[in-house]
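Here is the structure we will look at, set down as structure tokens.
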Amino acid sequence: MDIAQFTMSPAAYVACLAVAYFVLLGTYRLLFHPLRRYPGPLFAKLSGLYGAFYAYRSDLHRQTFKDHARFGEPSLRKDTGNDRHICPVIRQGPNKLVFNSVRALHDIYLSDRVTKSRAYLISQRAPGVYGVFNAIDKQLHQTKRKLVGQVVNERSLRTLEPIIHRQIDIFLQQLSLPRDPGILNMTKILRHLTMDIMGHIAFSYPFNLQTDPTHKYIADTTNVNYLLNIAIQLPVLAAFRILTLSSLRALIRGRSYLNILETAIKHRFSQGCRGKHDLLYMTDTMRVSDDDETSLEEIRNEAVFFLGAGSDTLTATLSALFYYLSANEQCYQRLAKEIRSTFTNAGEIQSGPRLANCRYLRACIDEALRMCPPLPGTLWRESVIDTVSLPLIIEGHFIPAGTEIGVNTYALHHNAEYFPEPFMFKPERWLPGSTATSSATRAAFIPFSIGPRGCVGKAMAYLEASLVVAKTMWYYDFEQVSGPLDQHSYQMEQHHNVYPIKDKLVASHDGPYLCFHTLRKLTVPT
Ligand code: HEM
């Protein structure tokens, strides 16, 4: 076909129409869109592909941080350095705004005129099947949250604690097993520990990943989270229901993951509906009959989310904390002293006033959560079209209905206005009397998010992290040794001694590589 023939062909008309459509759309988004005056990268103003591209590079958290700095007020930046005067709001997609302040945080996440973004529907297992994570409707969400909340509320924690101790004791034994070359990748062993705990809490099912590789695929969640994160940046995918969570999983792992999940759920069914206080949630939900396929799908949906919510997040927190302790001698010594002088024997290391009195331990956990928030990205919300005639105002900005809005956790946690020297690991900032204990700084600390969709597992997360670190430091000393992490890690963050994370919805990471030295004989049951 020569050029003259092509220009007359239907394909040429379609191509011309497509070009005209995109030129008009681009012009509208740049010059006439209600968000046209907000600063942001040109590509982001034109297309949602901007967010998807950086999510594909697992770098959206850092890019958001950089964009806030890049579009800050230049004269102010010159005076006080890059980090000080960041741009409080940027346009990160044609219809998206990301804020970077405590005021916006409250305006968005505590507002009843804002819902979770419909982009999260991409995580549905099947149309019509909702879980606590992807229920957009507020009433439906409340019902789901009530069920899930029962598993990990303060009262249930008393029942869960022995389960957590048993798994930590197995973890402690693993640390002293003779190995060649004696180096442990903490990401790997902590993932097994946290998933074993969650297996018991969700289904009373022993995954036994710490000692047996049979169920190892259940811990392999990174790739699915990664694809989900890309898709969430492009809500158009959710609108067309091109992908569902189950198809993504099948794409990546075949049926291995789902088979293990099915085994665990069947195991739980075989236990009957009564008598397991630690499984109130599953017990309640299991009142559905076998032929109610939608409800069964909902159980699977909730189980998948619950496992990841309780294990990936804690793996990230603890890996970062072990990294920072091994890289900061003074912090390490201060924490070791606190733990070894507070308790007189290992049996005393349990929830209660003594553990609560370990202020430096809590400060170290908070500082690890600040520098390495396990969900480092923007938790997207949507301004709803409602009958109230007043406009939705976020930090003084009028927000048109349907706009996606949010605060990026990583960017806020590294905002020097709230956290001076944001790339320094300084647990001291969390101790009484320090600047971080001011109400504004406290309010800018949001690893668990805030509002009606904030984390239900916060109390359990603090308990589990405290027990793991306190018990480990009671029995062992540890130090960093070189591992694959060293070759590319610290340069990635462009700051020394920063534990590198990738943003794959949940933080993805490797290491630290540590060597453990026994201080005392283990007195845990074998
Ligand atoms: C350090 C550990 C943890 C961190 C940093 C963390 C963080 C978060 C965040 C930021 C959210 C809000 C997500 C959103 O708005 O889209 C969330 C929700 C949730 N988390 Fe956690 N989490 C942790 C541990 C846990 C644990 C241990 C559990 C349960 C055993 C858990 C269960 C949940 C559930 C069920 C939700 C959904 C709440 C809702 O939508 O109403 N999390 N978590």
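Counting begins at 1 with the first residue of the sequence. Since this is a predicted model, take the numbers as computed values, not measurements. The analysis underlying the following values was restricted to heavy atoms, covering all of them including side chains, and did not include hydrogens, waters or symmetry mates. Just follow the structure's listing: the first ligand is 1, and inside any ligand the first atom is 1.
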Inset, instruction - Give yes if a backbone or side-chain nitrogen or oxygen of Tyr120 is under 3.5 Å from a nitrogen or oxygen of ligand 1, and no if not. - result: no
When you measure from [atom] to every protein heavy atom, which one gives the shortest distance, and what is it?
atom	value
atom 38 (C) of ligand 1	Arg145 NH1, 3.4 Å
atom 10 (C) of ligand 1	Pro447 O, 3.3 Å
atom 29 (C) of ligand 1	Phe306 CE1, 3.9 Å
atom 12 (C) of ligand 1	Arg453 O, 3.5 Å
atom 16 (O) of ligand 1	Lys116 NZ, 2.9 Å
atom 15 (O) of ligand 1	Arg381 NH2, 3.0 Å
atom 1 (C) of ligand 1	Thr317 OG1, 3.2 Å

Inset, instruction - Mind listing the protein N/O/S atoms less than 2.8 Å away from atom 21 (Fe) of ligand 1? Waters don't count. - result: Cys455 SG
Legend entry - Val132 neighbourhood, listing ligand 1 atoms whose heavy-atom distance to it stays under 4.0 Å: 39 (C), 40 (O), 41 (O)
Legend entry - Part of Glu464 within contact of ligand 1 (heavy atoms, under 4.0 Å): neither
Inset, instruction - Applying salt bridge (charged side-chain N to carboxylate O under 4.0 Å, His left out), name anything that partners Lys116, two or more places apart in sequence or on another chain. - result: none
